[in-house]
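Encoded as structure tokens, the structure appears first; notes follow it.
In what follows, residues are counted from 1 in the order of the sequence shown. Heavy atoms only: backbone and side chains are in, while hydrogens, waters and symmetry mates are out.
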Amino acid sequence: MTAPVFVVDRIEAGPGGGYVLDGPEGRHAVSVKRLQVGEAVVLTDGSGRWADCVVLAAEGKDRLTLRLDAVTDEPAPEPRITVVQALPKGDRGEVAVETMTEVGVDAIVPWQASRCITQWKGDRGAKSLAKWRNTAREAGKQSRRVRFPEVADALSTKQVAALLATADFAAVLHEEGTVSLAAAQLPAEGSIVLVVGPEGGVSPDELNAFAEAGAKPYVLGPTVLRTSTAGTAAAALLLGRTGRWM
């Protein structure tokens with residue numbers, strides 16, 4: 001197993017420098033992980049900068065002294081994969097964010113589709129967005145990523161269409177699509193944006209708006225997946241086809 005990952009605001013020291021991990025991350029390292037002197041640790045800012053470290057000392061319940069052995073800046077992967085995720089019911093949104101983070105999606109965009117039962121409004125919307133972002137952070141740590149996915153503010157259909165218009169490849173998962181996503185021509189670099197509709201499906205008006213922005217409907221496979229799993233399955237397919245999964 002690779003070394004456990006802990007998130008810090010920034011990594012300023014170079015190789016051979018020291019670092020004190022404290023606060024919530026330090027508590028998790030000392031009291032939950034029970035890390036000991038000599039064990040390996042990875043620190044990351046979640047934006048691609050990370051450091052291989054070795055534990056020098058564990059103090060109290062929430063303080064770990066580390067030695068930085070190497071500091072690396074990981075380049076952003078190509079092509080960049082964004083999933084526009086319609087808002088699912090209940091906790092299925094967090095499930096979708098968690099699994100898409102684990103497979104390697106670069107950005108997740110919540111979408112208030114017309115057929116979404118869930119509505120993000122006011123404080124409820126702010127709390128739900130915060131849950132999605134926290135889920136992405138924790139799933140990024142668990143899956144040993146050093147570049148966590150960005151979770152954007154929720155977008156309207158018009159805003160999603162504008163995003164699709166900027167993509168090098170844009171697709172809408174739709175059961176009536178005539179082309180398989182597995183057969184689509186994908187760019188080697190740039191941006192891929194994939195739209196996952198709600199349980200009730202993407203409406204005709206939304207399909208038209210997305211088509212005008214250059215996003216064609218594609219079918220993923222012979223079965224119908226839930227909205228909370230379709231994005232993960234499609235992203236895994238795209239990651240394999242673009243060579244990002246080797």
Side-chain angles (χ1 to χ4, degrees), residues 2 5 7 44-50 74-88 91-113 116 120 128-155 159-160 162-164 166-174 180-182 184 186-198 202 210 215-221 225-246:
T2 56
V5 174
V7 183
T44 182
D45 61 3
S47 298
R49 187 171 178 82
W50 61 282
E74 180 177 287
E78 291 279 355
R80 176 181 170 86
I81 297 176
T82 298
V83 176
V84 176
Q85 174 66 59
L87 305 180
D91 63 355
R92 292 188 182 277
E94 288 94 275
V95 171
V97 171
E98 180 179 56
T99 53
M100 286 192 287
T101 299
E102 289 173 359
V103 300
V105 166
D106 302 298
I108 300 168
V109 179
W111 171 37
Q112 188 71 67
C116 285
W120 279 12
S128 296
L129 179 59
K131 284 184 179 180
W132 281 35
R133 287 174 171 165
N134 185 65
T135 297
R137 181 180 186 272
E138 294 305 310
K141 290 167 57 179
Q142 185 277 329
S143 56
R144 307 299 197 258
R145 289 182 63 168
V146 296
R147 185 180 291 277
F148 301 164
E150 301 170 14
V151 179
D153 292 340
L155 299 187
Q159 290 170 322
V160 170
L163 174 65
L164 294 170
T166 67
D168 295 287
F169 174 82
V172 182
L173 291 185
H174 195 265
S180 169
L181 189 63
L186 303 176
E189 56 186 23
S191 64
I192 294 174
V193 181
L194 181 70
V195 177
V196 178
V202 182
F210 296 159
K216 298 179 181 179
Y218 288 83
V219 64
L220 182 57
L225 302 180
R226 285 187 177 274
T227 184
S228 54
T229 55
T232 300
L237 173 64
L238 294 175
L239 287 161
R241 292 199 56 220
T242 57
R244 286 183 50 180
W245 272 13
M246 302 296 291

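With sequence neighbours excluded, no residue forms a side-chain hydrogen bond (donor to acceptor under 3.5 Å, both in side chains) with Glu78. For Phe210, the ring pair (Phe, Tyr, Trp, His ring centres under 6.0 Å) partners at least two apart in sequence or on another chain are Trp111. Every residue two or more places apart in sequence or in another chain that forms a side-chain contact (heavy atoms from CB on, under 4.5 Å) with Thr166 is listed here: Leu163. Glu138 is linked by a salt bridge (Lys or Arg N to Asp or Glu O under 4.0 Å) to Lys141, counting only residues two or more places apart in sequence or in another chain. In this structure Glu74 satisfies the side-chain hydrogen bond (donor to acceptor under 3.5 Å, both in side chains) test with no other residue, sequence neighbours excluded. Remark: Arg133 pairs with Asp153 by the side-chain hydrogen bond (donor to acceptor under 3.5 Å, both in side chains) rule, at least two apart or across chains. Partners of Ala96 according to the side-chain contact (heavy atoms from CB on, under 4.5 Å) rule, which considers only residues two or more places apart in sequence or in another chain, are Gln85, Met100, Ser228. The side-chain contact (heavy atoms from CB on, under 4.5 Å) test applied to Ala233 returns Leu220, Leu225, not counting sequence neighbours. Applying the side-chain hydrogen bond (donor to acceptor under 3.5 Å, both in side chains) rule to Arg147 yields no partners; only residues at least two apart in sequence or on another chain are considered. Considering only residues two or more places apart in sequence or on other chains, Trp50 meets the ring pair (Phe, Tyr, Trp, His ring centres under 6.0 Å) condition with none of them.
Listed here is the closest heavy atom pair of Ala167 and Val193: CB-CG2, 3.6 Å. In plain terms, the two heavy atoms of Ala113 and Ala86 that are nearest each other are CB-CB, 4.3 Å. The shortest heavy-atom contact between Ala188 and Pro79 is O-CD, 3.5 Å. Of all heavy-atom pairs spanning Val109 and Ala152, the tightest one is CG2-CB, 4.2 Å. Nearest heavy-atom pair, Trp132 versus Pro88, reported as atom, atom and distance to 0.1 Å: CZ2-CD, 4.0 Å. When all heavy atoms are compared, the tightest approach of Val105 to Ile108 is CG1-CG1, 4.0 Å.
Among pairs with a residue in residues 234-246, those fulfilling salt bridge (Lys or Arg N to Asp or Glu O under 4.0 Å) read Asp106-Arg244, at least two apart in sequence or across chains. Residue pairs that meet the side-chain hydrogen bond (donor to acceptor under 3.5 Å, both in side chains) test with at least one member in residues 91-101, sequence neighbours left out, are Thr99-Thr232.
Distance CG/Leu237 to CG/Leu181: 5.0 Å, rounded to 0.5 Å. Annotation: the span from Leu87 atom CG to Thr227 atom OG1 amounts to 9.0 Å, rounded to 0.5 Å.
Using a distance-only test at 3.5 Å, with no hydrogens or angles considered, a donor-acceptor pair links the side chain of Trp245 to the main chain of Val103.
Under the 30°/60° scheme for interplanar angles, the aromatic rings of Phe169 and Tyr218 are found to be tilted.
In this structure, Ser191 and Thr82 have side chains that are not in contact, with every pair of non-hydrogen atoms separated by 4.5 Å or more. The shortest distance between side-chain heavy atoms of Val84 and Leu155 does not fall below 4.5 Å.
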